[in-house]
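Worksheet for the structure shown next.
Numbering starts at 1 and runs along the sequence shown.
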Amino acid sequence: VDHRWAEAYLAWLLGNRHKRNYALKQIQYVKHVLAFAEREEAVPTNRLRYFRLGFEQKPICYLSADEVRLIEQARFDEHLRYFADLFLLQCETGLAYADLLRFGEYRVQAMQGRLCLLGGRQKSAVVFCVPITEKAKRLLASLTDAGGRLPVPSNQHYNKMLKYIQGIVGIKEKLTTHLARKTAGM
């Protein structure tokens with residue numbers, strides 16, 4: 001396994017309709033295996049150590065304040081309104097889909113005169129403290145059930161409903177749960 005092999009493998013992956021970043025990720029896995037093998041003295045040298053990967057940086061997508069307002073002000077039936085409000089809650093708090101699923105494990109606590117949502121991220125276990133704005137309070141009041149739980153649909157169904165919402169309000173950006181999280185950070 002050397003640079004020529006990596007270039008040929010990259011060309012083969014790209015020729016089989018894989019995207020560039022996916023193909024480079026596969027070569028990165030091989031590089032990691034070779035690095036481990038070199039440390040364990042299973043191979044004399046890692047001949048891919050200096051192979052440059054050059055991933056393409058994708059632009060961060062998010063909604064503008066006007067686009068979020070379109071979703072807020074749109075008239076939906078009760079079913080779609082639930083999904084729109086769940087999306088808006090994510091836009092307001094930055095919670096990932098996996099964190100919405102664990103919503104019942106989090107606690108609301110007053111900190112420095114403001115209500116905050118405290119918990120740990122599902123993905124990384126990093127502790128977070130999200131201020132609960134007035135808009136988030138209203139959304140939580142409409143979304144939570146009598147027991148204070150947040151019923152969350154499957155990710156597939158949620159994204160499907162967001163596709164309908166996208167078509168109704170006329171937003172060009174593909175609405176996904178991840179887009180809501182990115183919108184919160186902007």
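Across all their heavy atoms, C61 and K182 have their closest contact at O-CB, 3.3 Å. The minimum heavy-atom distance between L53 and L24, with the atom names listed, is O-CD1, 2.9 Å. Smallest separation of non-hydrogen atoms from I71 and A84: CG2-CB, 4.0 Å. E56 and R20 make their closest contact through OE2-CD, 3.2 Å (heavy atoms, listed as atom of the first residue, atom of the second, distance). Of all non-hydrogen atoms in A136 and T93, the two that sit nearest each other are CB-CG2, 4.4 Å. Of all heavy-atom pairs spanning F76 and V169, the tightest one is CZ-CG1, 3.8 Å.
Under 3.5 Å, the side chains of K25 and Q28 contain a donor-acceptor pair of N or O atoms.
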Problem set entry | Test side chain to side chain contact (heavy atoms under 4.5 Å, CB included) applied to T176 and Y97, step by step | CA-CA 10 Å; T176 63; Y97 174 78; over 6 Å; no
Exercise. Is there a side chain to side chain contact (heavy atoms under 4.5 Å, CB included) between E72 and K135 once you walk through the steps?
Worked result: CA-CA 11 Å; E72 289 172 342; K135 190 191 305 185; 2.6 Å; yes
Exercise. How far apart are the C-alpha atoms of N155 and L101, what are their side-chain angles, what is the distance that settles it, and do they pass the side chain to side chain contact (heavy atoms under 4.5 Å, CB included) test?
Worked result: CA-CA 10 Å; N155 198 17; L101 290 174; over 6 Å; no
For this session: Evaluate side chain to side chain contact (heavy atoms under 4.5 Å, CB included) for L150 paired with L86, printing each intermediate quantity in order.
Result: CA-CA 9 Å; L150 184 65; L86 196 56; 4.2 Å; yes
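Counting heavy atoms of neighbouring residues, nucleotides and ligands inside a 6.0 Å radius, atom CZ of R81 exceeds 12 of them. No more than 12 heavy-atom neighbours from other residues, nucleotides or ligands sit within 6.0 angstrom of OH on Y62. Within a 6.0 Å radius of OH in Y50, no more than 12 heavy atoms belonging to other residues, nucleotides or ligands are found. Counting heavy atoms of neighbouring residues, nucleotides and ligands inside a 6.0 Å radius, atom CZ of R49 exceeds 12 of them. When the shell of 6.0 Å around OH of Y82 is examined, it contains more than 12 heavy atoms from other residues, nucleotides or ligands.
A 4.5 Å side-chain heavy-atom check between R121 and D99 finds at least one atom pair inside the cut-off. Side-chain contact check for I165 versus F87: every heavy-atom pair is 4.5 Å or farther apart. Contact check for F103 versus L117: side-chain heavy atoms found under the 4.5 Å cut-off. Between T45 and E38, some side-chain heavy-atom pair lies under the 4.5 Å cut-off. The shortest distance between side-chain heavy atoms of L175 and L63 falls below 4.5 Å.
In this structure, the side chain of T183 does not engage the main chain of C91 through any donor-acceptor pair within 3.5 Å. Proximity of a side-chain donor or acceptor of Y158 to a complementary backbone N or O of T177 within less than 3.5 Å is not detected. Side-chain atoms of K31 come within 3.5 Å of backbone atoms of F51 as a donor-acceptor pair (strictly under, hydrogens ignored).
Atom-to-atom distance recorded for K174:NZ and N159:CG is 7.0 Å, nearest 0.5 angstrom. Atom CG in L89 sits 14.0 Å away from atom NZ in K137 (nearest 0.5 Å). To the nearest 0.5 Å, the span separating CD1 on I27 from CG on L13 amounts to 6.5 Å. With values rounded to the nearest 0.5 angstrom, H32 atom NE2 is found 10.5 Å from N46 atom CG. Interatomic distance, I168 CD1 to L70 CG, rounded to the nearest 0.5 Å: 12.5 Å. In this structure, L80 CG and E78 CD are separated by 11.0 Å, a value rounded to the nearest 0.5 Å.
Ring-plane geometry between F83 and H157 is classed as perpendicular, the angle between the planes exceeding 60 degrees on a 0 to 90 degree scale with a lower cut at 30. Ring geometry for W5 against Y9 counts as parallel: the plane angle stays under 30°, on a 0 to 90° scale with 60° as the upper cut.
Cluster annotation: F55 and Y29 are assigned to distinct hydrophobic clusters (Ile/Leu/Val/Met/Phe/Trp/Tyr, side-chain heavy-atom contacts under 4.5 Å, transitive). V127 and L95 fall into different hydrophobic clusters, where Ile, Leu, Val, Met, Phe, Trp and Tyr are joined by side-chain heavy atoms under 4.5 Å apart, directly or via other members. There is no path of hydrophobic side-chain contacts, each under 4.5 Å, that joins V30 to V33. Note: the hydrophobic cluster containing V108 also contains L140 (ILVMFWY, side chain heavy atoms under 4.5 Å, direct or indirect links). Criterion: ILVMFWY side-chain heavy atoms under 4.5 Å apart, direct or through other members. Under it, W12 and Y22 are not part of a common hydrophobic cluster.
Under the 4.0 Å criterion applied to side-chain N and carboxylate O atoms, R4 and E7 are not assigned as salt-bridge partners.
In this structure, F36 has no ring-ring contact (aromatic ring centres under 6.0 Å, His included) partners at least two apart in sequence or on a different chain. Every residue two or more places apart in sequence or in another chain was checked for a salt bridge (Lys or Arg N to Asp or Glu O under 4.0 Å) with E40, and none qualifies.
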